[in-house]
Participant: 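Dropping the structure in here first, questions after.
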Amino acid sequence: QVKVLQSGGGSAQPGGSLTLSCTASGRDDCKYDMNWYRLAPGKEREFVSHIDSDGDTTYGDSMKGRFTSSQGNPKNTVYLKMNSLKPEDTATYFCVVVRCITPGGVSMLELWGQGTLVTVSS
């Protein structure tokens, strides 16, 4: 069974940077597609980014040009580098392991990490 563990987060001033990490473990046969979402109090969950098993990425509109998702080494870890942070980026950020891809097929997982709080304020 796959486990998801996040790290990073914290506080930054507007214009600053933070990097989050997410690691999927428990199976050695999977290549992973992963998403990032964020949730702020009183707001709906917002899509942040997607990174597939090849490292190709997409981003939500408000993230484009500021956030970068990338694969680590080994590739079961992904990072979310957040630059030019704004107060409206304040939220709890969640990593989701979307699916496991093997030579024999694809399994939907939809496993959520525990979340990590990002606070951007002066």
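Numbering of residues begins at 1 and proceeds along the displayed sequence.
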Participant: Members other than Y79 in its cluster, when Ile, Leu, Val, Met, Phe, Trp, Tyr link by side-chain heavy atoms under 4.5 Å?
Facilitator: none

Participant: How would you list, by chain and number, every residue that makes a side-chain hydrogen bond (donor to acceptor under 3.5 Å, both in side chains) with S7, sequence neighbours excluded?
Facilitator: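 S7: side-chain hydrogen bond (donor to acceptor under 3.5 Å, both in side chains) contacts with S21.
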
Participant: Taking L5 as the starting point, is it possible to reach V78 by hopping between hydrophobic residues whose side chains are less than 4.5 Å apart?
Facilitator: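 In one cluster: no.
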
Participant: Could you pull out all residues at least two apart from T102 that satisfy side chain to side chain contact (heavy atoms under 4.5 Å, CB included)?
Facilitator: R27, D29, C100

Participant: List the steps and the verdict of side chain to side chain contact (heavy atoms under 4.5 Å, CB included) for Q13 and S122.
Facilitator: CA-CA 5 Å; Q13 294 185 339; S122 59; 5.6 Å; no

Participant: Do V4 and F94 share a hydrophobic cluster (ILVMFWY, side-chain heavy atoms under 4.5 Å, transitive)?
Facilitator: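 Different clusters: V4 never reaches F94 through Ile, Leu, Val, Met, Phe, Trp or Tyr contacts under 4.5 Å.
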
Participant: Is the closest side-chain heavy-atom distance between S121 and S11 below 4.5 Å?
Facilitator: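 Not touching, per the 4.5 Å side-chain cut-off.
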
Participant: Please enumerate all residues that pass side-chain hydrogen bond (donor to acceptor under 3.5 Å, both in side chains) together with N35, with sequence neighbours excluded.
Facilitator: Y37, H50

Participant: Would T19 and M82 satisfy side chain to side chain contact (heavy atoms under 4.5 Å, CB included), going step by step from the backbone distance to the final call?
Facilitator: CA-CA 6 Å; T19 299; M82 303 180 291; over 6 Å; no

Participant: Provide the closest heavy-atom pair for T116 versus G9 in the form atom of the first, atom of the second, distance.
Facilitator: OG1-CA, 3.6 Å

Participant: Rounded to the nearest 0.5 Å, how far apart are CE of M63 and CZ of F47?
Facilitator: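 If I round to the nearest 0.5 Å, the distance is 8.5 Å.
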
Participant: Does any non-hydrogen side-chain atom of V48 lie less than 4.5 Å from one of Y93?
Facilitator: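 Of all side-chain heavy-atom pairs linking V48 with Y93, at least one is under 4.5 Å.
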
Participant: By side-chain hydrogen bond (donor to acceptor under 3.5 Å, both in side chains), which residues pair with D56, not counting sequence neighbours?
Facilitator: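 D56 satisfies side-chain hydrogen bond (donor to acceptor under 3.5 Å, both in side chains) with no residue once adjacent residues are dropped.
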
Participant: Could you tell me which residues satisfy ring-ring contact (aromatic ring centres under 6.0 Å, His included) with Y59, sequence neighbours excluded, listed by chain and number?
Facilitator: none

Participant: Any non-hydrogen side-chain atom of W36 less than 4.5 Å from a side-chain atom of L20?
Facilitator: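 Side chain of W36 against side chain of L20, heavy atoms only: contact under 4.5 Å found.
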
Participant: Mind checking side-chain hydrogen bond (donor to acceptor under 3.5 Å, both in side chains) for T23 and listing every partner two or more places apart, or none if nothing turns up?
Facilitator: T77

Participant: Suppose we screen for side chain to side chain contact (heavy atoms under 4.5 Å, CB included). Which residues come up paired with S84, at least two apart in sequence or across chains?
Facilitator: R66

Participant: Using every non-hydrogen atom in the two residues, find where Q71 and S53 come nearest and quote the distance to one decimal.
Facilitator: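 Nearest heavy atoms, Q71 then S53: NE2-O, 3.0 Å.
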
Participant: Do M34 and V96 touch side chain to side chain, with heavy atoms closer than 4.5 Å?
Facilitator: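 Sidechains of V96 and M34: no contact.
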
Participant: Any chance you could measure K3, atom NZ, to Q114, atom CD, to the nearest 0.5 Å?
Facilitator: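 One finds 13.0 Å between NZ of K3 and CD of Q114.
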
Participant: OG/S25 to CG/D28 distance, rounded to the nearest 0.5 angstrom?
Facilitator: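 Rounded to the nearest 0.5 Å, the OG-CG separation comes out at 11.5 Å.
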
Participant: Restricting to non-hydrogen atoms, name the atom on A24 and the atom on V97 that form the minimum distance, rounded to 0.1 Å.
Facilitator: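 Minimum heavy-atom contact is CB-CG2, 3.9 Å.
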
Participant: Supply the members, apart from V106, of the Ile/Leu/Val/Met/Phe/Trp/Tyr cluster built from side-chain contacts under 4.5 Å; use none for a lone residue.
Facilitator: I101

Participant: Go through the structure and list residues passing side chain to side chain contact (heavy atoms under 4.5 Å, CB included) with A12, not counting sequence neighbours.
Facilitator: L18, L85

Participant: Going by salt bridge (charged side-chain N to carboxylate O under 4.0 Å, His left out), name the pairs with one or both residues in residues 43-54, residues two or more places apart or in two chains.
Facilitator: R38-E46

Participant: From N83 CG over to T68 OG1, what is the distance, rounded to the nearest 0.5 angstrom?
Facilitator: 6.5 Å

Participant: From D89 CG over to S62 OG, what is the distance, rounded to the nearest 0.5 angstrom?
Facilitator: 7.0 Å

Participant: Heavy-atom count check: over 12 atoms from other residues, nucleotides or ligands less than 6.0 Å from E110 CD?
Facilitator: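 Result for CD/E110: enclosed.
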
Participant: Quick one: pull up OG in S70 and NZ in K81 and give me the separation to the nearest 0.5 Å.
Facilitator: 9.0 Å

Participant: Please enumerate all residues that pass side chain to side chain contact (heavy atoms under 4.5 Å, CB included) together with E88, with sequence neighbours excluded.
Facilitator: K86

Participant: Check whether any side-chain heavy atom of C95 lies under 4.5 Å from a side-chain heavy atom of Q6, and answer yes or no.
Facilitator: yes

Participant: Looking at every heavy atom in both A91 and L117, which two are closest together, and how far apart are they?
Facilitator: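 Heavy atoms of A91 and L117 come nearest at O-CD1, 3.6 Å.
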
